[in-house]
Visitor: 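This is the structure I have questions about; it appears just below.
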Amino acid sequence: MRVTVNQEVCVGAGMCALTAPRVFDQDEAGVVTLLVAEPGDDEARSTAREAGTLCPSGAVRIIE
Ligand code: SF4
């Protein structure tokens, strides 16, 4: 599984960092930053998937 983020479309809602804080963070401006591109355990993978569902801008992409 691979995670990508698109900082160009991120609106800084923060759902990703709240939902999967081990995978996503936000910079000073609130824009998403990716901490782990290939989450290595079930908890990180499932929360990353959830973040992909919750992100309102489509910035989070999950490639299984
Ligand atoms: S949930 Fe989506 S829009 Fe919000 S900070 Fe994360 S990537 Fe950006």
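Just follow the structure's listing: the first ligand is 1, and inside any ligand the first atom is 1.
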Visitor: Would you check if atom 8 (Fe) of ligand 1 lies under 2.8 Å from any N, O or S atom of C10?
Guide: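 Yes, within the cut-off.
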Visitor: Which of the atoms in ligand 1, numbered in the order shown and given with their element, are less than 4.0 Å from a heavy-atom of S57?
Guide: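 With S57 as reference, the close atoms of ligand 1 come out as 2 (Fe), 3 (S).
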Visitor: Nearest 0.5 angstrom please: T4 OG1 to L34 CG, how far?
Guide: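 Output value for this atom pair is 8.0 Å.
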Visitor: Is any side-chain heavy atom of I62 closer than 4.5 Å to a side-chain heavy atom of V3?
Guide: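 Contact flag for I62/V3 side chains = yes.
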Visitor: Which part of V11 is near ligand 1, with near meaning a heavy atom under 4.0 Å away: side chain, backbone, both or neither?
Guide: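 Both backbone and side chain of V11 come within 4.0 Å of ligand 1.
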Visitor: With heavy atoms under 4.0 Å as the rule, classify the contact between A59 and ligand 1 as side chain, backbone, both or neither.
Guide: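 Contact part for A59 vs ligand 1: side chain (C-beta onward).
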Visitor: Is a donor on one side and an acceptor on the other found under 3.5 Å between the side chain of T19 and the backbone of C16?
Guide: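 The answer is no, because no donor-acceptor pair under 3.5 Å joins these two groups.
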Visitor: Does any part of the side chain of P56, heavy atoms only, come nearer than 4.5 Å to the side chain of V11, both counted from C-beta?
Guide: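 Yes. Closest side-chain heavy atoms under 4.5 Å.
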Visitor: Considering only protein heavy atoms, which is closest to atom 6 (Fe) of ligand 1, and at what distance to one decimal place?
Guide: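 Answer for atom 6 (Fe) of ligand 1: C16 SG, 2.2 Å.
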Visitor: Contact between ligand 1 and V5 is defined here as a heavy atom of the residue under 4.0 Å from a ligand atom; is it met?
Guide: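 No; V5 lies far enough from ligand 1 that no heavy-atom distance drops under 4.0 Å.
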Visitor: If I take atom CD from residue E50 and atom CZ from residue R45, how far apart are they, to the nearest 0.5 angstrom?
Guide: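 With rounding to 0.5 Å, CD (E50) is 15.5 Å from CZ (R45).
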Visitor: Do R2 and E64 come within less than 4.5 Å of each other through their side chains, counting heavy atoms only?
Guide: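 No - every pair of side-chain heavy atoms lies 4.5 Å or more apart.
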Visitor: Counting non-hydrogen protein atoms only, what is the nearest one to atom 2 (Fe) of ligand 1? Give residue, atom name and distance.
Guide: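 In this structure, atom 2 (Fe) of ligand 1 has C55 SG, 2.2 Å as its nearest protein heavy atom.
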Visitor: Run the numbers for me: atoms of ligand 1, each under 4.0 Å from some heavy atom of V60, listed by number.
Guide: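 With V60 as reference, the close atoms of ligand 1 come out as 7 (S).
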Visitor: Got the closest protein heavy atom to atom 5 (S) of ligand 1, with its distance?
Guide: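 Here the nearest protein heavy atom works out to G14 N, 3.2 Å.
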Visitor: Using only atom types and a distance under 3.5 Å, with no angle test, would you say the side chain of Q26 pairs donor to acceptor with the backbone of T33?
Guide: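 Side chain of Q26 to backbone of T33, a donor-acceptor pair under 3.5 Å: no, none is there.
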